[in-house]
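All figures in this text were calculated on a predicted structure; none of them were measured in a lab. All residue numbers refer to positions in the sequence shown, counting from 1.
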Amino acid sequence: SAFNESLANFVGYRGAVAFFEARHDAEGARHAEQLWHDALVFSDFLGKLVDRLQVEYARGIGTAERQRLFRESQAELRGLPLETNLYRDFGEGDLNNARILHYHLYNDQLVLFQRLLDRRHDDLRATIATVLRVVDSAPDPFAALAVAAGSETASQLAGISGGAYAPLQTMPDQCRDPAGHVSPCL
């Protein structure tokens, strides 16, 4: 599932940071932090792209319009404040739904994991334990994680990964699901 793959990416990226820090490898830790920064920025970008595509497909977007949207999205990606070349290939070559969904599967709502890590004072083990506890038997693990991570405003998100993360556009801070529960709009 997208949740499991995103959790695995979070654990991998943050585990790499912890690994290098435990070995006093400042350069390795810095590079791992840069990769995580880029994953957060890309996840935000990709989530908004998927949301936009869903709206456009629902209104009946044609092939030419879809290709234009793909090109614009790739140009937008190339303008993001990425610190590595991790996602460069997404901004090059032909883009299609399969590629977008592939990347989205592994990078869905990564900021929720970062928020919870922040709330757990950068304790990766405690964060993982909390994630496993709150999503256990939850019908929507991302919604359960959002509740555990707490609500953040866009200005508070600017502090993620050394202040380099920035949302691509202004969006509502909170949304209500059909049951009336409030969660971050991501």
S.K.: Do Leu95 and Ile100 come close enough that some side-chain heavy atom pair is under 4.5 Å?
M.R.: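 Sidechains of Ile100 and Leu95: in contact.
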S.K.: Is the number of heavy atoms from other residues, nucleotides or ligands within 6.0 Å of CZ (Arg59) greater than 12?
M.R.: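 Counting neighbours around CZ of Arg59, more than 12 heavy atoms of other residues, nucleotides or ligands fall under 6.0 Å, so yes.
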S.K.: Would you say Leu132 ends up clustered with Val134 if hydrophobic residues are merged whenever their side chains have heavy atoms under 4.5 Å apart, either directly or through other cluster members?
M.R.: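 The answer is yes; both residues are in one hydrophobic cluster.
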S.K.: Could you measure the distance from the CZ atom of Arg68 to the CD atom of Glu56? Nearest 0.5 Å is fine.
M.R.: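 It comes to 7.5 Å.
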S.K.: Once rounded to the nearest 0.5 Å, what's the spacing between atom CG of Asp94 and atom CD of Gln74?
M.R.: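 Separation between the atoms: 8.0 Å.
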S.K.: Which atom names give the shortest non-hydrogen contact between Arg115 and Ala149, and what distance separates them?
M.R.: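 Smallest interatomic distance, heavy atoms only, reads CB-CB, 3.7 Å.
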S.K.: Tell me, yes or no, whether the heavy-atom count around Asp89 atom CG, taken from other residues, nucleotides or ligands under 6.0 Å, exceeds 12.
M.R.: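 Atom CG in Asp89 is packed in, count exceeds 12.
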S.K.: Mind checking whether Leu112 and Phe42 sit in one hydrophobic cluster, side chains of I, L, V, M, F, W, Y counted as touching below 4.5 Å?
M.R.: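 Yes, Leu112 and Phe42 fall within the same hydrophobic cluster.
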S.K.: Check whether any side-chain heavy atom of Phe90 lies under 4.5 Å from a side-chain heavy atom of Leu46, and answer yes or no.
M.R.: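 Yes, their side chains come closer than 4.5 Å.
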S.K.: Is there a side-chain contact between Phe70 and Leu53 (heavy atoms, below 4.5 Å)?
M.R.: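 Yes. Closest side-chain heavy atoms under 4.5 Å.
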S.K.: Ile128 pairs by side-chain contact (heavy atoms from CB on, under 4.5 Å) with which of Leu124, Val131, Thr130?
M.R.: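 Of the listed options, the one satisfying the test is Leu124.
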S.K.: To the nearest 0.5 Å, what is the distance between CG on Asn96 and CZ on Arg66?
M.R.: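 Rounded to the nearest 0.5 Å, the CG-CZ separation comes out at 8.5 Å.
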S.K.: Is the backbone of Ala148 close enough, under 3.5 Å, to the side chain of Arg119 for a donor and an acceptor to pair up by distance?
M.R.: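 Yes, Arg119 side chain to Ala148 backbone: donor-acceptor pair under 3.5 Å.
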S.K.: Decide whether Tyr106 and Leu117 are clustered together by the hydrophobic rule: side chain heavy atoms of Ile, Leu, Val, Met, Phe, Trp, Tyr closer than 4.5 Å, transitively.
M.R.: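 Unlinked, Tyr106 and Leu117 end up in two clusters.
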S.K.: Determine the minimum heavy-atom distance between Pro141 and Val135, stating which atoms define it.
M.R.: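 Smallest heavy-atom distance, with atoms named: O-CG1, 3.6 Å.
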S.K.: To the closest 0.5 Å, what do you measure between OG (Ser43) and CG (Asp38)?
M.R.: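 That separation rounds to 12.0 Å.
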S.K.: Write down the atom of Asp140, the atom of Phe142, and the distance for their closest heavy-atom approach.
M.R.: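 In terms of heavy atoms, the two residues are closest at OD1-N, 3.1 Å.
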S.K.: Do Phe10 and Phe3 have ring centres separated by under 6.0 Å?
M.R.: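 No; Phe3 has its ring centre 6.0 Å or more from that of Phe10.
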S.K.: Tyr103 and Asp108: side-chain donor and acceptor closer than 3.5 Å?
M.R.: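 Not at all, the side chains of Tyr103 and Asp108 share no donor-acceptor pair under 3.5 Å.
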S.K.: Taking the six-membered ring for Trp, are the ring centroids of Phe45 and Tyr87 within less than 6.0 Å of each other?
M.R.: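 No, ring centres 6.0 Å or more apart.
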S.K.: List the atom of Thr127, the atom of Asp123, and the distance in Å for their closest heavy-atom pair.
M.R.: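 Smallest heavy-atom distance, with atoms named: OG1-O, 2.8 Å.
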S.K.: Side chains of Gln34 and Arg30: any donor to acceptor distance under 3.5 Å?
M.R.: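 Yes - a donor-acceptor pair under 3.5 Å links their side chains.
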S.K.: Checking Gln114 against Trp36 for the side-chain contact (heavy atoms from CB on, under 4.5 Å) test, could you report, in this order, the C-alpha distance in whole Å, the side-chain angles of both residues, the deciding distance, and whether it holds?
M.R.: CA-CA 10 Å; Gln114 180 62 47; Trp36 177 238; 2.5 Å; yes
S.K.: Is Arg88 close to Arg78 at the side-chain level, that is, under 4.5 Å between some pair of heavy atoms?
M.R.: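 In short, these two side chains do not touch, never coming nearer than 4.5 Å.
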S.K.: State plainly whether one hydrophobic cluster holds both Val11 and Val111, where clusters connect Ile, Leu, Val, Met, Phe, Trp and Tyr through side-chain heavy atoms under 4.5 angstrom apart.
M.R.: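 Same cluster.
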S.K.: His24 and Phe20: aromatic ring centres closer than 6.0 Å?
M.R.: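 No - the distance between ring centres of His24 and Phe20 does not fall below the 6.0 Å cut-off.
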S.K.: Check Asp25 against Gly28 and note the closest heavy-atom contact, atom names and distance.
M.R.: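 Closest approach of Asp25 to Gly28: OD1-N, 2.8 Å.
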S.K.: Rounded to the nearest 0.5 Å, how far does OG1 of Thr63 lie from CD of Gln67?
M.R.: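 Rounded to the nearest 0.5 Å, the CD-OG1 separation comes out at 7.5 Å.
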S.K.: Would you check, one step at a time, whether the test side-chain contact (heavy atoms from CB on, under 4.5 Å) holds for Glu72 with Arg52?
M.R.: CA-CA 12 Å; Glu72 288 173 358; Arg52 183 172 176 198; 3.9 Å; yes
S.K.: Same cluster or not: Val50 versus Leu110, using hydrophobic residues (I, L, V, M, F, W, Y) connected whenever any side-chain heavy atoms lie under 4.5 Å apart?
M.R.: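 Same cluster: Val50 reaches Leu110 through Ile, Leu, Val, Met, Phe, Trp or Tyr contacts under 4.5 Å.
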S.K.: Would you call Phe113 and Leu145 a side-chain contact if the rule is heavy atoms closer than 4.5 Å?
M.R.: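 Answer yes - side chains close enough.
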S.K.: So, taking the atom named CG in Leu82 and the one named CG in Leu77, what distance separates them when rounded to the nearest 0.5 Å?
M.R.: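 Atom-to-atom, Leu82:CG and Leu77:CG are 6.0 Å apart.
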S.K.: Could you walk me through whether Leu40 and Asp44 satisfy the side-chain contact (heavy atoms from CB on, under 4.5 Å) test, starting with their C-alpha distance in whole Å, then the side-chain angles of each, then the deciding distance to 0.1 Å, before giving a yes or no?
M.R.: CA-CA 6 Å; Leu40 287 170; Asp44 181 69; over 6 Å; no
S.K.: Would you say the side chains of Glu5 and Asn9 form a donor-acceptor pair under 3.5 Å?
M.R.: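 Looking only at side-chain atoms, Asn9 and Glu5 do not form any donor-acceptor pair under 3.5 Å.
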